[in-house]
Amino acid sequence: MAEAIAEGARKVHGVEMELKRYEAPQRLVDFDAIIVGAPTYHHTMTNNIRKFLEEVAFHDVNLKGKIGAAFGSCGWSGEAPGLVLEVMENKFEMEVLKRPLLIKYGPDEEGLHKCKGLGKTVADRI
Ligand SMILES: Cc1cc2nc3c(=O)[nH]c(=O)nc-3n(C[C@H](O)[C@H](O)[C@H](O)COP(=O)(O)O)c2cc1C
């Protein structure tokens, strides 16, 4: 999903996209937009995503006004990306794309198309 999102974003002229498994919180200030991938386990985000958000808060990284988006694969309930967006909006005061992109288990052709669309939407906003 992340690779397809990056592909979509890179289609927009002038936008640079970095695809990372992890990013140091302090480096986030260098980006105009942040798209977080978060699978849902036990109706919530996984510990690595929670820890990442906590690190950003702990280091008081200023993300105010940056564009935020979230996506994730899930089995049925898919809460994690929505929870990430809530933190982005309420804690970090980011400008979030309201709807998270949820895909059941893994993307098919249509799912990949949606992922590319998300990347392009975010890049267009930049
Ligand atoms: C132990 C376990 C708990 C899960 N809990 C949920 C859940 O609460 N809600 C949900 O939508 N999917 C749940 N899932 C399904 C995962 O979200 C799904 O397999 C998803 O594709 C995992 O993404 P990943 O392969 O990127 O880790 C669970 C899966 C496992 C193995």
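The chain is numbered in sequence order, starting from 1. One-based numbering, in listed order, for ligands and for the atoms of each. Below, each value reflects all heavy atoms present in this structure, side chains not excepted, and no hydrogens, waters or symmetry copies.
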Note to self: Please list the nearest protein heavy atom to atom 21 (O) of ligand 1 with its residue and the distance rounded to 0.1 Å.
What the structure shows: S73 OG, 2.8 Å
Margin query: Quick one: does any side-chain atom of K104 pair with a main-chain N or O of C74 as donor and acceptor, under 3.5 Å?
Written below: no
Note to self: Using a plain distance cutoff, I'd like to know if G78 has any nitrogen or oxygen under 3.5 Å from a nitrogen or oxygen of ligand 1.
What the structure shows: yes
Next item on the list: Specify side chain, backbone, both or neither for H42, according to which of its non-hydrogen atoms lie closer than 4.0 Å to ligand 1.
Entry: both
Notebook entry, point to check: Which residue owns the protein heavy atom closest to atom 7 (C) of ligand 1, what's the atom, and how far is it?
Noted result: W76 CZ2, 3.4 Å
Notebook entry, point to check: What protein heavy atom sits nearest atom 14 (N) of ligand 1, and how far away is it?
Noted result: T40 O, 3.4 Å
Next item on the list: Check the pair E55, Y22 against side-chain hydrogen bond (donor to acceptor under 3.5 Å, both in side chains), reporting the backbone distance first and the verdict last.
Entry: CA-CA 12 Å; E55 282 174 5; Y22 173 80; 2.5 Å; yes
Margin query: In the structure I gave you, are the side-chain heavy atoms of L85 and K98 within less than 4.5 Å of one another anywhere?
Written below: no
Checklist line | Nearest neighbour in protein (non-hydrogen) for atom 9 (N) of ligand 1 | finding: S77 OG, 2.7 Å
Next item on the list: Between P39 and ligand 1, find which residue part has any heavy-atom pair under 4.0 Å and reply side chain, backbone, both or neither.
Entry: side chain
Next item on the list: Quick one: pull up CZ in F58 and NZ in K51 and give me the separation to the nearest 0.5 Å.
Entry: 11.5 Å
Check: Which of the numbered atoms in ligand 1 are below 4.0 angstrom from a heavy atom of Y105?
Finding: 18 (C), 19 (O), 21 (O)
Checklist line | I34 and M94, any side-chain heavy atoms less than 4.5 Å apart | finding: yes
Checklist line | Nearest non-hydrogen protein atom, atom 8 (O) of ligand 1 | finding: H43 N, 2.7 Å
Notebook entry, point to check: Is L28 close to F52 at the side-chain level, that is, under 4.5 Å between some pair of heavy atoms?
Noted result: yes
Margin query: Using modelled atom types and a 3.5 Å cut-off, is there a donor and acceptor pairing between side-chain atoms of K91 and backbone atoms of A57?
Written below: no
Next item on the list: Give the residue, atom name and distance (to 0.1 Å) of the protein heavy atom nearest atom 12 (N) of ligand 1.
Entry: G75 N, 3.0 Å
Check: Is there a side-chain contact between H43 and W76, using heavy atoms and a 4.5 Å cut-off?
Finding: yes
Check: Which protein non-hydrogen atom lies closest to atom 31 (C) of ligand 1, naming both residue and atom, and how far is it?
Finding: Y41 CE2, 3.7 Å
